[in-house]
Amino acid sequence: KIVARGGPLFSVHKDLVASLIAGLEAAGVPLQNIIVWDKYQSDLADAGYHTIEATNGVRVVGVIPGIGFDPDVKYHSPTAGKIIWGDYLFGHGDQISGDSHLTRVVTRQVTKLINVAVLSDHSEMGLSGCLLNLALGSVDNVRRLQNDPSACEYAVAEICSMPPLRDKMPDAPTVTTRK
């Protein structure tokens, strides 16, 4: 899981990703089993990640509009948000929901996660890095969390502690969530 939102200048550097791929290949992971992903396919293209796929055969995929979200695995927050294009429930009748569905990349495709982020500052959530990258990059319907710091207070930790994410990150710390 990378961050490509910043285009070619403020995304995870392609050289770093290429080094990680080389290390995984040296450890015996077939290139076709490696997925470099981010939330938006357009961000991956803008940041130039199509060259990695063309160079070595790994898959570079975007969740939106590509892989999509899992209807069976979701995070629920008491704070509801308006459903927009790209969200799983968009076009299914619901216009407001407290549910955020996890991406199928995480729930159905990968067995291990390597989370590589850039350190940045978010106007509502403050300093952000790996946890925010993984949490908000893995679910839909996140605007309500980005615009309300109190909604995000627990959401990032709770999303990252969900088994489809936590269990794919070896030696990840246990997170206590609210009841």
Side-chain angles (χ1 to χ4, degrees), residues 1-75 84-92 99-120 128-142 156 158-175:
K1 167 68 176 93
I2 64 162
V3 174
R5 188 80 193 185
L9 298 178
F10 194 65
S11 294
V12 172
H13 289 270
K14 290 188 291 298
D15 291 342
L16 174 60
V17 174
S19 293
L20 288 168
I21 291 168
L24 290 168
E25 183 180 25
V29 177
L31 290 174
Q32 67 270 17
N33 289 358
I34 299 172
I35 301 173
V36 175
W37 65 278
D38 200 7
K39 194 164 193 174
Y40 296 98
Q41 186 68 39
S42 59
D43 290 345
L44 289 161
D46 290 347
Y49 272 93
H50 60 284
T51 59
I52 286 181
E53 185 171 28
T55 302
N56 58 27
V58 301
R59 291 183 286 161
V60 177
V61 299
V63 175
I64 301 170
I67 301 292
F69 296 96
D70 193 325
D72 301 320
V73 186
K74 59 191 170 191
Y75 167 74
I84 64 168
W85 178 88
D87 292 339
Y88 174 74
L89 293 174
F90 183 75
H92 289 95
D99 291 336
S100 293
H101 295 82
L102 267 69
T103 174
R104 288 185 175 124
V105 170
V106 171
T107 63
R108 300 184 186 189
Q109 294 189 358
V110 300
T111 57
K112 299 289 181 203
L113 275 168
I114 298 173
N115 179 21
V116 185
V118 294
L119 191 60
S120 62
S128 62
C130 285
L131 287 177
L132 190 71
N133 175 50
L134 186 61
L136 299 189
S138 297
V139 297
D140 70 345
N141 191 17
V142 298
V156 169
E158 290 176 343
I159 292 168
C160 287
S161 70
M162 294 177 70
L165 293 170
R166 182 193 66 232
D167 294 351
K168 293 172 183 167
M169 294 182 291
D171 301 321
T174 303
V175 177

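Residue indices begin at 1 and follow the sequence shown. Every heavy atom of this structure was used, including side-chain atoms; hydrogens, water molecules and symmetry mates were not.
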Taken to the nearest 0.5 Å, the spacing of Leu165 CG from Ile159 CD1 works out to 8.5 Å
Working for side chain to side chain contact (heavy atoms under 4.5 Å, CB included), residues Lys1 and Asp38: CA-CA 6 Å; Lys1 167 68 176 93; Asp38 200 7; 2.5 Å; yes
Which atom names give the shortest non-hydrogen contact between Val3 and Ala117, and what distance separates them? CG2-CA, 3.9 Å
Check: Asp140 side chain, Tyr88 main-chain N or O, donor-acceptor pair, under 3.5 Å: yes
Nearest heavy-atom pair of Ile2 and Leu44: which atoms, and what distance? CD1-CD2, 3.7 Å
Does the pair Ser161 and Tyr75 meet the rule for a side chain to side chain contact (heavy atoms under 4.5 Å, CB included), with working shown? CA-CA 10 Å; Ser161 70; Tyr75 167 74; over 6 Å; no
Applying side chain to side chain contact (heavy atoms under 4.5 Å, CB included), run through Val106 and Met162 and close with a yes or a no. CA-CA 11 Å; Val106 171; Met162 294 177 70; over 6 Å; no
For Gln109 and Ile35, the nearest pair of non-hydrogen atoms, with its separation, is OE1-CD1, 3.6 Å
Can you give the donor-acceptor pairs under 3.5 Å from side chains of residues 14-31 to other protein atoms, not counting sequence neighbours?
| unit_1 | atom_1 | unit_2 | atom_2 | d |
| --- | --- | --- | --- | --- |
| Lys14 | NZ | Ala47 | O | 3.2 |
| Ser19 | OG | Asp15 | O | 3.1 |

Donor-acceptor contacts under 3.5 Å from residues 61-70 side chains, at least two apart:
| unit_1 | atom_1 | unit_2 | atom_2 | d |
| --- | --- | --- | --- | --- |
| Asp70 | OD1 | Asp72 | N | 2.8 |
| Asp70 | OD1 | Arg108 | NH2 | 3.1 |
| Asp70 | OD2 | Thr107 | OG1 | 2.7 |
| Asp70 | OD2 | Arg108 | NE | 3.1 |

Heavy atoms only: give me the nearest Asp43-Arg5 pair and the separation to one decimal. OD2-CD, 3.0 Å
Are the side chain of Asn141 and the backbone N or O of Asp87 linked by a donor-acceptor pair below 3.5 Å? no
How close do Gly6 and Ser11 get, counting heavy atoms only, and between which atoms? N-OG, 3.3 Å
Thr103 side chain to Ser138 main-chain N or O, any donor-acceptor pair under 3.5 Å? no
Taking all atoms of both residues into account, what is the closest heavy-atom pair of Leu136 and Lys39, and its distance? O-NZ, 3.0 Å
